[in-house]
Number of protein chains: 2
Amino acid sequence: MSGNAARSGVSVVSRAMAVLTTFDQDHARLTLTEIARRADLPLATAHRLVGELARAGALTRAEGGEYVVGRTLWDVGLLAPVQVDLREVAAPFLQDLYGATLATVHLAVRERLRALYVDRLVGNRSVPVVSRVGSRLPLHSTGVGKVLLAHAPADVREQALLSLEQVTPFTVTQPARLQRQLTRVLTDGFATTSEEMSLGACSVAVPVADRRGDVVAALGIVVASLRRDQGRLVSALTVAAKGIGRSLA
Amino acid sequence: MSGNAARSGVSVVSRAMAVLTTFDQDHARLTLTEIARRADLPLATAHRLVGELARAGALTRAEGGEYVVGRTLWDVGLLAPVQVDLREVAAPFLQDLYGATLATVHLAVRERLRALYVDRLVGNRSVPVVSRVGSRLPLHSTGVGKVLLAHAPADVREQALLSLEQVTPFTVTQPARLQRQLTRVLTDGFATTSEEMSLGACSVAVPVADRRGDVVAALGIVVASLRRDQGRLVSALTVAAKGIGRSLA
DNA sequence: AGCCTCCTTCCACTGGCCGGAATCCTAGTG
DNA sequence: CACTAGGATTCCGGCCAGTGGAAGGAGGCT
């Protein structure tokens, strides 16, 4: 009658991973109870798993008793080959771009219906932004997202147009209007946003094409206003994007 | 007689973590057999664990059949609070420093008897270096290491002086000589190396002190030669380090 | 073919995992 | 101070998931 009632049949490993993936950018520190709830595990089970993960260094206990991702996982995670060639090649160009504009610089690739930010540079006097390395943001409300979407296969574009979340009052949510913008992105060679992702932040972005001409990433910068020198920014971005493309294998 | 002979008594979780920690900077892609050997697990056991980890997204199978760290772990690992305040505060200063010098810029903290590189900027025309974010390099053969060691507690210094690995022909391996250098680091306010970590690379580094005056990190740059403008580099580094220190909470 | 290395599958045994329940903490409340 | 509420921790018997030696592919090289 007592003891283990319904062993759910999933492996320990997948449960442990479920615990780990309860952490995300908005939930970087969690209590045991939250972990159990989010991973859908009995409290006692979560307690044991979390304890073992902590002992192994995968999790660490913060001051308040909450759990955070541990240093060991940081080490291991850094080894993941997530766009490493692209990032290594692009890094110097991002730095030059930052030096020339002093604006926040973004490098993103498309991951299904999201823009995955693989690298980022933020300055002292830059406009505050929500993105971080590893962030996944909507394709329709960011500069890099629009570029990636404009160059995406037709089926991806169609699916993306089906659900346009209203992030700020200025987010473009009408499919027809966004479609027109995407067409212009292809002809103009760059995309812009005006407070469509976060208030007070505008952005410009250009595609990064490899030697075969395929768009593999988008390069963008975030500024307070585009009124002034949009032309100069587009030029700087284009030069950097070309440089990255040429350096890709 | 058959079946499971000696269940070693360790949990599945710790075994899974043992598998994950077989990966390091010099072994970013491993075959199943290598994993089993390095984690000291029977092949069949390693095979099952690796399979489950791969199914959970913690590992990915590369083209050649080797395993690499998966995207899921990259996501989770990025959430680890490893010097996040320091890194966020320092990032803009590193970028300015790169802009002013076009040299590779390093930010490192001390982790026991190693220098842990928490951030890094590498340019197009920079001297090639071995460090990456997450690298742990010796304290006695790197610029940032010497700074961190000079400001470390006495017991740490003593212990570090006991084993000075000869990395290149120019590495300082005599304890007395290194001790004299460390004393100078304290009076001069900066440390230098000349091809002591890798041939063809020299470095300058300065301490980053928080508001209480405690040295919490070291900031360094790597150049081909120090002959020319060591003074200018030290100045730029000092300014940046002061700025970081002032911005720390 | 023969040999070698690495990968995959099989299967009987058993000890580590499971999780409801009880207990221990805090912190907040009347 | 007693009481409550929410979370964290410990307990413990039952049982199945994990274990790993062995055997069987799959290539590659001589």
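None of these values were measured; they are calculated from a predicted model.
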What is the separation between atom [atom1] on [X] and atom [atom2] on [N], rounded to the nearest whole Å?
X	N	atom1	atom2	value
Leu30(B)	dC7(C)	CG	P	11 Å
Leu32(B)	dT8(C)	CG	C1'	9 Å
Leu49(A)	dT10(D)	CG	P	15 Å
Leu59(B)	dC7(C)	CG	P	14 Å
Glu52(A)	dG18(D)	CD	C1'	13 Å
Leu41(B)	dG21(D)	CG	P	11 Å
Leu53(B)	dG18(D)	CG	P	12 Å
Asp40(B)	dG20(D)	CG	P	10 Å

(message) So if I take every side-chain heavy atom of Arg15(B) and compare against dG20(D), dT8(C), dG18(D), which nucleotide ends up nearest?
(response)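 Output: dG20(D).
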(request) Compare the minimum distances between each of dC18(C), dA21(C), dC17(C) and the side chain of Val12(B), then state the nucleotide with the smallest one. (result)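 Nearest listed nucleotide: dC17(C).
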(message) Between Ser203(A) and Thr193(A), is there a side-chain donor-acceptor contact under 3.5 Å, judged purely by atom types and distance?
(response)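 Side-chain D/A pair, Thr193(A) to Ser203(A): present.
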(message) Quiz question: by atom type and distance under 3.5 Å, do the side chains of His140(A) and Thr171(A) form a donor-acceptor pair?
(response)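 No.
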When you check the gap from the basic side-chain N to the acidic O, do [X] and [Y] get nearer than 4.0 Å?
X	Y	value
Glu111(A)	Arg136(A)	yes
Asp24(A)	Arg38(A)	yes
Glu196(B)	Lys146(B)	yes

Within the structure shown, what part of the strands sits under 4.0 Å from [X] by heavy-atom distance: base, sugar-phosphate, or nothing?
X	value
Thr45(A)	base
Arg37(B)	nothing
Leu43(B)	base

Has [X] got a side-chain N or O lying under 4.0 Å from the OP1 or OP2 atom of [N]?
X	N	value
Thr33(B)	dC7(C)	yes
His47(B)	dT8(C)	yes
Arg48(A)	dG19(C)	no

(message) Nearest heavy atom decides the nucleotide; on that basis, is Ala44(A) or Val13(A) closer to the 5' end of DNA chain D?
(response)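 The residue closer to the strand's 5' end, by nearest nucleotide, is Ala44(A).
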